[in-house]
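Worksheet for the structure shown next.
Below, all heavy atoms of this structure are taken into account, side chains as well, without hydrogens, waters or symmetry copies. We count residues from 1, following the sequence as given. Source: prediction; values computed, not measured. One-based numbering, in listed order, for ligands and for the atoms of each.
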Amino acid sequence: MLVQRKPDLTYADVTPKRLYMGRRNFLLGLLATSGAVAGWRKLPEWLAGRGTGSVPVPLEGVVKWPGSTSEPETPIEKTTHWNNFYEFGTDKTDPAVNARNFQVSPWSISVEGEVAKPRTFTMEEILKLAPLEERIYRHRCVEAWSIVVPWIGFPLNVLAKLVEPTSKARFVAFQSFYDSRQMLSSGQAGIEFPYVEGLRLDEALHPLALLCVGMYGETLPNQDGAPVRMVIPWKYGFKSIKSIVKIRFVKYQPQTSWNLENPREYGFYSNVNPHVDHPRWSQATERRIGPGLGLFNRRIPTLMFNGYGDQVASMYAGMDLRKYF
Ligand code: MTE
């Protein structure tokens with residue numbers, strides 16, 4: 001009797017055609033070098049540390065978050081091939097090339113400081129802490145550009161609850177992974193490493209502040225902050241720290257990489273604010289990186305708190321947002 005075997009799953013089987021066709025050319029290159037077809041079967045391998053993490057794999061059981069924007073998504077090939085990740089280069093096209101072999105497995109995050117139950121979470125544990133949600137956020141990325149991205153993750157406050165911050169915790173300090181063998185030196189990049197960021201405790205616990213493990217249905221590509229990063233949609237892109245290894249609850253306002261580098265240009269709060277110009281460019285408008293050709297990106301007015309004012313403005317009531325920029 002002839003037994004017909006079901007073929008292995010391919011990207012085309014598990015990825016919506018719209019996404020699959022859009023990134024086919026990039027993936028063909030990656031798939032050719034990996035010598036494997038990336039299907040759901042690769043997830044355990046990625047978690048077990050045998051893969052490099054350079055080929056994103058589909059995330060299962062992702063639920064749609066009802067607050068997503070309905071604006072057109074920025075195509076994945078644009079989001080992943082023009083961005084900032086200074087550990088892998090200072091040009092916006094560098095991270096996609098230089099982060100290719102970044103070792104993202106095994107991975108863990110140490111959560112410590114002013115907490116009753118300090119704990120180290122492995123990546124496997126993080127993925128199981130809460131249902132993964134797809135949240136389509138508009139996101140202010142580099143300089144006056146913006147993108148619309150289907151991020152995947154869950155609120156950071158889920159993880160925070162497990163470690164029980166004490167009454168002394170007023171801020172949260174984040175630290176990225178750093179390894180001089182895989183990454184630029186601070187001298188080459190022009191900023192201090194490891195990359196550090198910070199939020200006030202109420203900002204970090206806000207339901208919009210996303211602990212992000214994926215985008216466009218899959219685990220994060222290395223250049224976008226694999227395997228775990230923050231996405232804070234009402235703040236400028238640099239607050240969204242990538243490849244996190246340490247989260248520390250602290251009493252005092254922590255240092256942040258761009259504020260250390262240039263305090264005149266980059267404040268601690270960094271809320272999207274069209275009324276406060278960056279010293280070198282206006283913040284009043286932005287160019288949306290959309291599905292079309294870059295030449296025709298039109299300028300659109302930038303919204304206070306990036307359009308998330310209804311949800312977040314009350315956290316800044318009574319603050320002079322020109323002083324606390
Ligand atoms: N995180 C680390 N570890 N290193 C970086 O250089 N760059 C920041 C932020 N997070 C950066 C980082 C800056 S300047 C920007 S604009 C965003 O990442 C870019 O994020 P994106 O790839 O989602 O556009």
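Judged by a 6.0 Å distance limit and a 45° cone about the ring axis, Arg135 is not positioned over the six-membered ring of Trp151.
The Trp151 neighbourhood of ligand 1 comprises atoms 23 (O), with distances under 4.0 Å to a heavy atom of that residue. Taking every non-hydrogen atom of Trp258 and a distance limit under 4.0 Å, the qualifying atoms of ligand 1 come out as 14 (S). Of all atoms in ligand 1, numbered sequentially from 1 with element shown, those under 4.0 Å from a heavy atom of Val142 are 16 (S). Counting atoms of ligand 1 from 1 in the listed order, those under 4.0 Å from a heavy atom of Asn83 are 22 (O), 24 (O). For ligand 1, the atoms lying closer than 4.0 Å to a non-hydrogen atom of Asp224 are 22 (O).
Of all protein heavy atoms, the one closest to atom 17 (C) of ligand 1 is Gly237 O, 3.4 Å. The protein heavy-atom contact nearest to atom 6 (O) of ligand 1 is Tyr86 N, 2.7 Å. Here the heavy atom of the protein found nearest to atom 13 (C) of ligand 1 is Phe238 CA, 3.4 Å. Nearest to atom 4 (N) of ligand 1 among the protein's heavy atoms is Glu87 OE1, 2.7 Å. Of the protein's non-hydrogen atoms, Lys242 NZ, 3.6 Å is the one closest to atom 21 (P) of ligand 1. The nearest protein atom to atom 23 (O) of ligand 1, hydrogens excluded, is given as Arg229 NH1, 2.9 Å; this is a heavy-atom distance. With hydrogens left out, the protein atom closest to atom 10 (N) of ligand 1 is Ser240 O, 2.9 Å, a heavy atom. Of the protein's non-hydrogen atoms, Tyr195 CE1, 3.3 Å is the one closest to atom 5 (C) of ligand 1.
Residues Glu87 and Lys242 are not paired through a salt bridge, judged by the lack of any N-O separation under 4.0 Å between the basic side chain and the carboxylate. Glu286 and Arg299 are not joined by a salt bridge, as no carboxylate oxygen comes within less than 4.0 angstrom of a charged side-chain nitrogen. The pair Glu71-Arg288 meets the salt-bridge criterion, with a side-chain N (NZ, NE, NH1 or NH2) lying under 4.0 Å from an Asp/Glu carboxylate O. The pair Arg200-Asp202 counts as a salt bridge, with a side-chain nitrogen and a carboxylate oxygen less than 4.0 angstrom apart.
Taking the centre of each ring, Trp234 and Tyr137 stay at or above the 6.0 Å mark. Aromatic ring centres of Phe102 and Phe88 lie closer together than 6.0 Å.
Considering backbone and side-chain N/O atoms, Gln223 never comes within less than 3.5 Å of an N/O atom of ligand 1.
Around CD of Gln255, the count of heavy atoms belonging to other residues, nucleotides or ligands within 6.0 Å does not exceed 12.
In this pair, Trp281 and His278 present their aromatic rings parallel. The plane angle is below 30°, not in the 30 to 60° band.
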